[in-house]
Amino acid sequence: VSAIHPGYGFLSENASFAQAVEDAGITFIGPTVDNLKMMADKTSARKVAIQNKIPVVPGTEEPVKTVEEAREFCHSIGYPVIIKAAFGGGGKGMRVVYSDEELQQNFELASREAAAAFGDGTIFLERYVEEPRHIEVQVIGDGTGRVIHLYERDCSVQRRHQKVIENAPAVNLDPAIRSAILADACKLCSLIKYRSAGTVEFLVDKNGQHYFMEVNPRIQVEHTVTEEITGINIVAKQIELAQGKTFEELGLSQENIQTHGYAIQARITTEDPSKNFQPDSGFLRAFNQSASQGIRLDGIGYSNYEVTPIYDSLLVKCT
C-alpha cells in the first residue's frame with residue numbers, strides 16, 4: 001500500500017490514525033496531522049475563528065467537564081442551548097436543552113454517546129440558533145495557505161441533527177451573505193494552511209447573520225452535489241494533491257470555477273418508520289434502482305444484501 005484514503009467515517013478525522021499511517025511510510029490522502037489535531041476538536045476550531053474575527057455562535061471557550069459549569073454558562077446566555085461532542089459529527093452526542101432540568105438529564109447522556117461514538121466524551125455548549133439555515137462551503141487547500149472554494153451547499157433538511165437532503169448551490173441565499181460566507185471559509189482554512197478537501201460549516205439565522213460552526217477535515221457524504229454543479233471530481237483532486245501536484249497542475253484557480261444548474265442529494269437509508277426512523281438491520285428482499293441522464297447513484301445494495309447493525313444505515317446517495 002502506498003496511500004490510504006480514509007473516506008468520510010470511522011478514522012477520517014483521527015489524527016492518531018493519520019500519524020500512524022505516515023509513520024508507516026504510507027501517504028495519508030487528506031489533511032495534515034496538524035490540520036486534523038486542530039480541526040477535529042471543535043473547540044480549537046472555534047478559537048481560531050474567534051481570534052480572526054470570524055463570527056461564531058456564542059459558546060463555551062473550553063470543553064465543559066461538569067454539569068455545574070454547564071449550568072453557569074446556560075444562565076449567562078439563556079436557554080435554549082445545544083450540547084455538542086467536541087470530537088463528533090453526524091448528529092452523535094448532540095442534545096438541545098430548554099431548562100435546567102433538561103440540562104441535568106442530557107449532560108451525561110451526551111457525554112456517554114460521544115465517548116461511545118468517537119472514543120472521547122469531551123463536550124462543549126453553544127447557544128441554540130432556532131430554525132437556522134445550515135450552509136456549508138466546500139474548500140480545497142494545497143497545504144501552503146492557498147485555498148479555493150467550490151461554492152456552497154444547503155443542508156438544512158435534517159433529522160436528529162443528521163443531514164437527510166442536500167442541495168447546491170443554496171437557493172435564495174442573499175448574494176452578500178454568500179460572498180461573506182465563502183470569504184470566511186477560505187480565510188479560516190488559509191490561516192491554518194489547510195491541505196486537501198474539507199468543509200466549513202455555518203449557520204445563518206433569521207436576520208441573515210452567519211456564524212461559523214466547524215470545519216470537517218475530510219470529504220463529506222454530500223460532496224457529490226458539489227461535483228455535479230462544478231464538474232470537479234473532488235476525490236480525484238485529493239489523490240492528486242497527495243501525490244504532490246500543485247493547483248496549477250490540477251487546473252484549480254478560483255476564477256475558473258463556476259456553478260452550472262442545481263443538484264440535490266437524498267440519502268437512502270434503512271430505517272424503521274414505526275420506531276421513529278431508527279436505523280434498521282436485516283436482509284434486503286428486493287432491491288431495484290433506476291438511473292438515467294441526470295441521476296447519479298453512489299452506494300451499494302442488491303437482493304439478499306445484509307444490512308448489519310454495526311455500520312451506519314446509509315445505503316445509497318441518490319443525486
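Keep in mind that what you see is a predicted model, and the values were worked out from it rather than measured. When reading the values below, keep in mind they use all heavy atoms of this one structure, side chains included, and skip hydrogens, waters and symmetry mates.
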State whether a side-chain donor-acceptor pair under 3.5 Å links [X] with [Y].
{"X": "Glu201", "Y": "His134", "result": "yes"}
{"X": "Gln104", "Y": "Asp100", "result": "no"}
{"X": "Arg195", "Y": "Thr144", "result": "no"}
{"X": "Asp205", "Y": "Tyr211", "result": "yes"}
{"X": "Gln220", "Y": "Thr199", "result": "yes"}

Is any NZ, NE, NH1 or NH2 atom of the basic residue among Glu136 and Lys163 found under 4.0 Å from an Asp or Glu carboxylate oxygen of the other?
-> yes

Is the closest basic N to carboxylate O distance between Arg46 and Glu126 below 4.0 Å?
-> yes

Taking it one step at a time, do His75 and Phe73 satisfy ring-ring contact (aromatic ring centres under 6.0 Å, His included)?
-> CA-CA 5 Å; His75 290 176; Phe73 169 76; over 10 Å; no

Stacked cation flag Arg146 on Phe247, 6.0 angstrom / 45 deg = no

Shared hydrophobic cluster for Ile140 and Val225 (ILVMFWY, side-chain gaps under 4.5 Å) | no

Using the rule that two of Ile, Leu, Val, Met, Phe, Trp, Tyr join whenever any of their side-chain heavy atoms come within less than 4.5 Å, decide whether Leu103 and Ile123 are in one cluster.
-> yes

Aromatic rings Tyr128 and Tyr98: how do their planes relate, parallel, tilted or perpendicular, breaks at 30° and 60°?
-> perpendicular

Please confirm whether the backbone N or O of Leu314 pairs with a side-chain atom of Asp312, one donor and one acceptor, at under 3.5 Å?
-> yes

What heavy-atom pair brings Leu36 and Ala18 nearest, and what distance separates the two atoms?
-> CD1-CB, 3.5 Å

Closest non-hydrogen atom pair between Thr122 and Pro63, with its separation = CG2-CB, 3.2 Å

Pairing residues for Gln265 by the side-chain hydrogen bond (donor to acceptor under 3.5 Å, both in side chains) criterion, not counting sequence neighbours = Thr224

